[in-house]
Amino acid sequence: MATQKSDQNSDQRKEIHQPLTPEQVSPEQKAAQKKILEENENLVLNPGDMVDGEKTLEEKSQQVAVDAPDITGDHIVVPTYFVVDDPEEGQKALHHVKDAEEISDVIRQARVDESGERTWN
């Protein structure tokens, strides 16, 4: 029965492309985050870090927490959610702060084969 559930999850798996460069972040998201920052000078939370449980997996995959130059001057983009494949639950979005421990567990599962290719267990 577990095999059947795993097969169903792999059939339902969607290819997710998360923004990883400044050019991949939607102009609408950039404008919305800028507006929030301008309207709230005492903001405690970065606008991109906000959790919205109503968003779909695809919407969460596009949300960025950071889209700005770092101290070295390199422009970096950090996704708010990391989309992972769970053998039991299928694809799910893990929040980069709230789910940091689970993200670390997923990363620890990474392995590299003889060719230097990363494989996941």
Side-chain angles (χ1 to χ4, degrees):
M1 181 130 158
T3 305
Q4 183 180 14
K5 187 173 185 179
S6 178
D7 292 342
Q8 289 173 350
N9 287 339
S10 63
D11 292 342
Q12 295 171 355
R13 184 180 181 276
K14 297 178 184 175
E15 181 126 0
I16 302 285
H17 297 284
Q18 295 189 264
L20 299 174
T21 66
E23 298 78 26
Q24 294 172 330
V25 180
S26 74
E28 296 82 12
Q29 184 172 186
K30 287 180 184 223
Q33 288 186 359
K34 183 177 180 181
K35 182 179 179 184
I36 291 170
L37 288 170
E38 289 171 351
E39 292 174 353
N40 301 288
E41 61 184 59
N42 293 324
L43 195 63
V44 175
L45 190 63
N46 182 1
D49 287 334
M50 294 179 186
V51 175
D52 181 355
E54 299 296 316
K55 287 187 175 183
T56 66
L57 178 70
E58 290 79 16
E59 290 170 327
K60 288 178 179 179
S61 74
Q62 296 304 304
Q63 185 176 339
V64 295
V66 176
D67 177 19
D70 68 4
I71 195 165
T72 67
D74 291 336
H75 196 111
I76 60 169
V77 172
V78 177
T80 302
Y81 294 91
F82 292 91
V83 178
V84 299
D85 289 322
D86 184 287
E88 295 178 7
E89 298 178 43
Q91 286 184 314
K92 62 181 182 177
L94 300 176
H95 189 272
H96 75 120
V97 175
K98 183 174 71 83
D99 300 315
E101 187 172 329
E102 191 171 353
I103 291 169
S104 293
D105 291 343
V106 170
I107 291 169
R108 279 192 277 282
Q109 294 173 13
R111 299 289 183 261
V112 178
D113 65 17
E114 307 81 46
S115 306
E117 297 295 318
R118 185 172 284 179
T119 58
W120 297 86
N121 295 335

Taking every non-hydrogen atom, the tightest pair across [X] and [Y]:
| X | Y | value |
| --- | --- | --- |
| D99 | A93 | OD2-O, 4.2 Å |
| G48 | Q33 | CA-NE2, 3.3 Å |
| L94 | V84 | CD1-CG2, 3.7 Å |
| I103 | F82 | CD1-CD1, 3.6 Å |
| E88 | D86 | N-OD1, 2.7 Å |

Q62: what forms a side chain to side chain contact (heavy atoms under 4.5 Å, CB included) with it, not counting sequence neighbours? P19
I need the [X] [atom1] to [Y] [atom2] distance, nearest 0.5 Å.
| X | Y | atom1 | atom2 | answer |
| --- | --- | --- | --- | --- |
| E58 | I16 | CD | CD1 | 4.5 Å |
| S61 | E15 | OG | CD | 11.5 Å |
| N40 | K35 | CG | NZ | 10.5 Å |

Please list all pairs meeting ring pair (Phe, Tyr, Trp, His ring centres under 6.0 Å) that have one or both residues in residues 15-40, counting only residues at least two apart or in different chains. none
For E59, which residues count as a salt bridge (charged side-chain N to carboxylate O under 4.0 Å, His left out) partner, sequence neighbours excluded? none
Suppose we screen for side-chain hydrogen bond (donor to acceptor under 3.5 Å, both in side chains). Which residues come up paired with S115, at least two apart in sequence or across chains? none
Using distance alone, with no hydrogens and no angle criterion, decide if H96 and D49 have a side-chain donor and acceptor under 3.5 Å apart. yes
Decide side-chain contact (heavy atoms from CB on, under 4.5 Å) for Q91 and L57; before the verdict, give the C-alpha distance in whole Å, the side-chain angles of both, and the deciding distance to 0.1 Å. CA-CA 8 Å; Q91 286 184 314; L57 178 70; 3.7 Å; yes
Short side-chain to backbone donor-acceptor contact, Q29 and S26, under 3.5 Å: no
So salt bridge (Lys or Arg N to Asp or Glu O under 4.0 Å) across residues 17-31, not counting sequence neighbours, yields K30-D67
ILVMFWY cluster membership beyond I36 - transitive side-chain contacts under 4.5 angstrom: L37, L43, L45, M50
Does Q18 reach the side chain of V64, with side-chain heavy atoms less than 4.5 Å apart? no
